[in-house]
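Naming convention: chains lettered A, B, ... in sequence-line order (proteins, then strands); numbering from 1 in each chain. Note: hydrogens, waters and symmetry copies are ignored here, and every other heavy atom, side chains too, is used.
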Amino acid sequence: MYVCGVTVYDYCHIGHARSILVFDMIYRYLKKKFPKVVYVRNFTDVDDKIINKANREGKSCKEIAERYIQAFYEDTDALGALRPDIEPKATEHIPEMIELIQKLIDKGLAYVVDGDVYYEVRKFKEYGKLSGRSIEEMLAGARIEIDEKKKDPLDFALWKASKPNEPWWESPWGRGRPGWHIECSAMSMKYLGETFDIHGGGMDLIFPHHENEIAQSEGATGKPFVIYWIHNGFVNIGKEKMSKSLGNIILIRDILKRYDRELLRLFLLKTHYRSPIDFTFEALDKEKESLDRLYRTKEKIEELLSEKGKEHPVTEEAEKAKAEIEKAKEEFYQAMDDDFNTAMALGKLFESVRDFNRFVDKSGASLTEKALVAETMADFMGEVEEIFGILSHKPSEWFKEAKSEELELSAEEIERLIEERSRARKEKNYKKADEIRDFLKSKGILLEDRPDGKTLWRLAK
RNA sequence: GGCGGCGUAGCCAAGUGGUAAGGCAGGGGACUGCAAAUCCCCGAAUCCCCGGUUCGAAUCCGGGCGCCGCCUCCA
């Protein structure tokens, strides 16, 4: 699997987060099914935007690229995304690109003009097959800049002759630098072969980037380039497109200052990867309710599992509860197998959580039986954790430490007040008990009296 | 202008020919000293509209309306 990574000239935003997390989910899932999967994601570290930024700041392109590669890792690690197996940089694959360009020239698909090399789009008969457009249609669409050097306005640069203040490499056509599209063809084929299974990226890359990659790769090899293309949908801010000009860009690092990464992961992964998503902080807040519910169930599971060990005859009811969860898990996998239908898969998780809660709360089963069923549920949740990267916290931490620095009371004080309240309740002094509960509530702490007499606390929304 | 996508409950979101998943919010009930949590029950009569195909359509076809993306760097 090859995924187009980022051009390293700025911090990553919520849109990058979606792409990163969608392909992280896909990688995690494929890894479970096909342990030999290889995940390659590139860094574009030579490009107009980087050059501009470097010139503006009086730094080298390499310095700019290094800075934002570093930032990229900080962000992806903070998101809990697994590192790809191979992360090639464009600047480290110039020879491969030159070789590929030469091949295209030799085949008559590309031509040289004043040290530039262009791909002659009309020579590649299938041009437009990915994006579903024809050359004629695109020409009719106008808005194409006139470039004297190109034979055809749609031809694109494989190699650009260097201008002053630009990085350059020696090539058969003089000093210059690669065009944007060629790096992905060269690097993906180097690491994955001339034909490989999955190529991914954002929706916006379909045209022209991926269309051009196909032209370059298939033009050079005569073989199919990619079996499956996967393109993730965009994230809008509210209903608007996120863009620099609108000034509504939301950075990953800014979100993660306020929200646990699992909230963002669930928010972005519960929608099918191809659909657009409207991002709002309110929607992210609401996700907390759903995740809390899952964590409460996880908490219950952990309590039950500590009861494990004693042998006990298993009733039909427990067997049935287990079977229900197993079935939901099977359906979860069927949904994932159907074009990564995460929305449906998570629906199955919630169904089984409901079934599990029902069994634990309403059946007359013994603790050991419940523990047995809890094991099945824990197993399912564990697999969800592996694939979605959620539910990885200990429930106790999830409910208590999430925003502990904003808490006005220390954990010790809270425990002390709970203790005081428990005494009051035993004495049937409910007025005092409720005062304490109300006081804690005013401090953002909710109490939960359990049937076993224990009182738990957690943070309010 | 060309190409593509979308329009499902108050909100989010699956389903794409056979009685409309799931989440959040809401109402009622069980439980509780009261709560909280949990569970149960309830809720879509336009699945954007109009035609058509079919025994049967949210799902297919045709025509509208509305929203969005791409066609220029972009996840």
Side-chain angles (χ1 to χ4, degrees), chain A residues 3-7 9-10 12-23 44 47-49 52 128 131-134 136-145 154 180 200-209 211 231-236 239-244 249 266-267 270-272 274-278 280 282-283 285-294 296-297 299-300 328 331 335 338 341-363 425 428-431 433-434 437-438 441 446-451 455-458 460:
Chain A
V3 176
C4 288
V6 291
T7 300
Y9 74 106
D10 212 339
C12 287
H13 52 64
I14 175 81
H16 296 110
R18 183 172 191 193
S19 181
I20 290 161
L21 291 178
V22 161
F23 290 104
T44 298
D47 161 277
D48 288 343
K49 293 187 289 291
N52 290 341
S131 51
R133 41 189 116 196
S134 71
E136 312 315 323
E137 281 165 0
M138 285 186 267
L139 281 177
R143 278 218 284 171
I144 294 165
E145 83 281 22
L154 291 171
W180 172 36
M203 219 79 174
D204 52 329
L205 298 181
I206 293 173
F207 189 88
H209 187 53
E211 199 68 71
H231 294 101
N232 66 273
F234 262 46
V235 178
N236 300 317
K239 297 267 175 203
E240 287 182 316
K241 179 179 172 167
M242 180 169 54
S243 74
K244 293 221 157 134
I249 290 180
L266 182 63
F267 175 74
K270 69 166 195 173
T271 303
H272 187 90
R274 246 186 285 111
S275 308
I277 294 181
D278 285 334
T280 60
E282 293 69 41
D285 284 329
K286 281 201 168 171
E287 226 50 69
K288 180 87 165 60
E289 290 307 314
S290 307
L291 249 190
D292 277 357
R293 176 141 161 251
L294 296 179
R296 274 183 221 112
T297 300
E299 194 170 38
K300 198 183 287 184
E331 288 168 347
D338 184 9
N341 191 340
T342 53
M344 181 176 265
L346 288 169
K348 295 298 170 190
L349 203 224
F350 278 98
E351 278 178 48
S352 70
V353 161
R354 190 190 55 214
D355 292 341
F356 172 74
N357 281 325
R358 179 165 42 212
F359 172 73
V360 172
D361 291 359
K362 299 294 173 200
S363 81
R425 288 180 71 214
K428 303 246 192 276
N429 185 353
Y430 294 122
K431 185 164 178 277
D434 289 349
R437 185 169 63 197
D438 290 344
K441 194 180 175 189
L446 296 182
L447 298 186
E448 223 178 281
D449 296 328
R450 293 310 193 83
T455 297
L456 304 177
W457 64 274
R458 63 190 173 83

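Nucleotide B:G22: paired with B:C12 (Watson-Crick or G-U wobble, both distances less than 3.5 Å). In a base pair of the Watson-Crick type (N1 to N3 plus N6-O4 or O6-N4) or a G-U wobble (N1-O2 and O6-N3), with each distance short of 3.5 Å, B:C60 is matched with B:G52. Here B:G17 sits opposite no nucleotide as a Watson-Crick or G-U wobble pair (both hydrogen-bonding atom distances under 3.5 Å). In this entry B:C6 has B:G66 as its Watson-Crick or G-U wobble partner, both defining distances falling under 3.5 Å. Base pairing analysis places B:U72 opposite nothing; no Watson-Crick or G-U wobble pair with both distances below 3.5 Å involves it. B:G33: no Watson-Crick or G-U partner with both key distances under 3.5 Å is found in any strand.
On the P atoms, B:G26 is 15 Å away from B:G10, given to the nearest whole Å. The C1' atoms of B:U16 and B:C61 are separated by 14 Å, rounded to the nearest whole Å. Taking atom P on both nucleotides, B:G18 is separated from B:G23 by 23 Å, rounded to a whole Å. Comparing B:A44 with B:G22, their C1' atoms sit 15 Å apart, to the nearest whole Å. Distance noted for atom C1' between B:A21 and B:A14: 6 Å (whole Å). Rounded to whole Å, the separation between the P atoms of B:U72 and B:C60 comes to 31 Å. When the P atom is used for both B:G63 and B:A20, the distance is 29 Å, rounded to whole Å. Distance noted for atom P between B:G17 and B:G2: 30 Å (whole Å).
Atom OH of A:Tyr430 and atom C1' of B:U32 are 10 Å apart (whole Å). Per the geometry, CG belonging to A:Leu346 stands 18 Å off P belonging to B:A21, to the nearest Å. Distance CD (A:Glu282) to P (B:C24): 18 Å, rounded to an integer number of Å. Nucleotide B:A21 holds its C1' atom 14 Å from the NZ atom of A:Lys270, rounded to whole Å. For the pair A:Ile206 CD1 and B:U72 P, the computed distance is 15 Å after rounding to whole Å. Note: CD (A:Glu240) to P (B:C67) measures 15 Å, nearest angstrom. If you take CZ of A:Arg437 and C1' of B:A35, they are 4 Å apart, rounded to a whole angstrom. Distance A:Leu154 CG to B:C70 P: 18 Å, rounded to the nearest Å.
In this structure A:Lys49 satisfies the salt bridge (charged side-chain N to carboxylate O under 4.0 Å, His left out) test together with A:Asp47, sequence neighbours excluded. Applying the side-chain contact (heavy atoms from CB on, under 4.5 Å) test to A:Ser363 and every residue at least two apart in sequence or in another chain returns A:Glu317, A:Phe359, A:Ala365, A:Lys370. Listed by chain and residue number, A:Arg133, A:Glu211 satisfy the side chain to side chain donor-acceptor pair (under 3.5 Å) test with A:Ser131 (two or more places apart in sequence, or in another chain). In this view, A:Arg437 and A:Asp434 satisfy the salt bridge (charged side-chain N to carboxylate O under 4.0 Å, His left out) rule, not counting sequence neighbours. With sequence neighbours left out, A:Asp10 forms a side-chain contact (heavy atoms from CB on, under 4.5 Å) with A:Lys53, A:Tyr68, A:Lys244. Considering only residues two or more places apart in sequence or on other chains, A:Arg358 meets the side chain to side chain donor-acceptor pair (under 3.5 Å) condition with A:Asp355. Remark: A:Thr342 engages A:Met25, A:Met336, A:Phe388 in a side-chain contact (heavy atoms from CB on, under 4.5 Å) (not counting sequence neighbours). With sequence neighbours excluded, the residues that form a side-chain contact (heavy atoms from CB on, under 4.5 Å) with A:Asn52 are A:Arg56.
The backbone N or O of A:Arg293 lies less than 3.5 Å from a partner atom in the side chain of A:Thr297, making a donor-acceptor pair. In terms of modelled atom types and a separation under 3.5 Å, the side chain of A:Asn341 and the main chain of A:Met344 share a donor-acceptor contact.
Here the side chains of A:Asn429 and A:Lys431 are in contact, with some heavy-atom distance below 4.5 Å. Counting only heavy atoms from C-beta outward, the side chains of A:Trp180 and A:Asp48 never approach each other to under 4.5 Å.
Separating the NE2 atom in A:His272 from the CG atom in A:Asn232 is a distance of 10.5 Å, to the nearest 0.5 Å. The structure places CG of A:Leu291 at 15.5 Å from NZ of A:Lys286, a figure rounded to the nearest 0.5 Å. Rounding to the nearest 0.5 Å places OG1 of A:Thr271 at 6.5 Å from CZ of A:Arg18. Atoms SG and CG, on A:Cys4 and A:Asp204 in that order, are 9.5 Å from each other to the nearest 0.5 Å. The line from CG of A:Asp292 to CD of A:Glu287 is 11.0 Å long, rounded to the nearest 0.5 Å.
Contact between the side-chain N/O atoms of A:Arg354 and the OP1/OP2 oxygens of B:G22 is found at a separation under 4.0 Å. For the pair A:Arg293 and B:C24, the criterion of a side-chain N or O lying under 4.0 Å from OP1 or OP2 is met.
Comparing A:Glu448 and A:Lys286 by the nucleotide of RNA chain B whose heavy atom lies nearest to each, the residue mapping closer to the 5' end is A:Lys286. Mapping A:Gly347 and A:Ser275 onto RNA chain B via the closest heavy atom, the residue that lands nearer the 5' end is A:Ser275.
Among the heavy atoms of the strands lying under 4.0 Å from A:Asp434 is at least one base atom, whether or not backbone atoms are also near. Looking at heavy-atom distances under 4.0 Å, A:Ala283 makes no contact with the nucleic acid at all. Looking at heavy-atom distances under 4.0 Å, A:Arg274 makes no contact with the nucleic acid at all.
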Enumerate all atom pairs, one protein N or O and one N or O from nucleotides 41-43 of chain B, separated by less than 3.5 Å.
none

Protein and nucleotides 3-5 of chain B: nitrogen or oxygen contacts under 3.5 angstrom:
{"unit_1": "B:C3", "atom_1": "O2'", "unit_2": "A:Gly132", "atom_2": "O", "d": "3.3"}

Distances for protein N or O near nucleotides 73-75 of chain B N or O, under 3.5 Å:
{"unit_1": "B:C73", "atom_1": "O2'", "unit_2": "A:Lys49", "atom_2": "NZ", "d": "2.3"}
{"unit_1": "B:C74", "atom_1": "N3", "unit_2": "A:Lys241", "atom_2": "NZ", "d": "3.4"}
{"unit_1": "B:A75", "atom_1": "OP1", "unit_2": "A:His16", "atom_2": "NE2", "d": "3.2"}
{"unit_1": "B:A75", "atom_1": "O5'", "unit_2": "A:His16", "atom_2": "NE2", "d": "3.2"}
{"unit_1": "B:A75", "atom_1": "O2'", "unit_2": "A:Gly202", "atom_2": "N", "d": "2.6"}
{"unit_1": "B:A75", "atom_1": "N1", "unit_2": "A:Val235", "atom_2": "N", "d": "2.9"}
{"unit_1": "B:A75", "atom_1": "N3", "unit_2": "A:Gly15", "atom_2": "O", "d": "3.1"}

Collect all protein-nucleotide pairs involving nucleotides 15-17 of chain B in which both atoms are nitrogen or oxygen and the distance is under 3.5 Å.
{"unit_1": "B:G15", "atom_1": "OP1", "unit_2": "A:Asn341", "atom_2": "ND2", "d": "2.9"}

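In the interface, the side chain of A:Asn357 is not paired with the base of B:C40 through any donor and acceptor atom under 3.5 Å apart.
With distances taken from any side-chain atom of A:Thr271 to the nucleotides B:C39, B:G33, B:A13, the minimum falls on B:A13.
Taking the 5.5 Å centre cut-off and the 30° plane limit, the aromatic side chain of A:Phe350 is not classed as stacked on B:G22.
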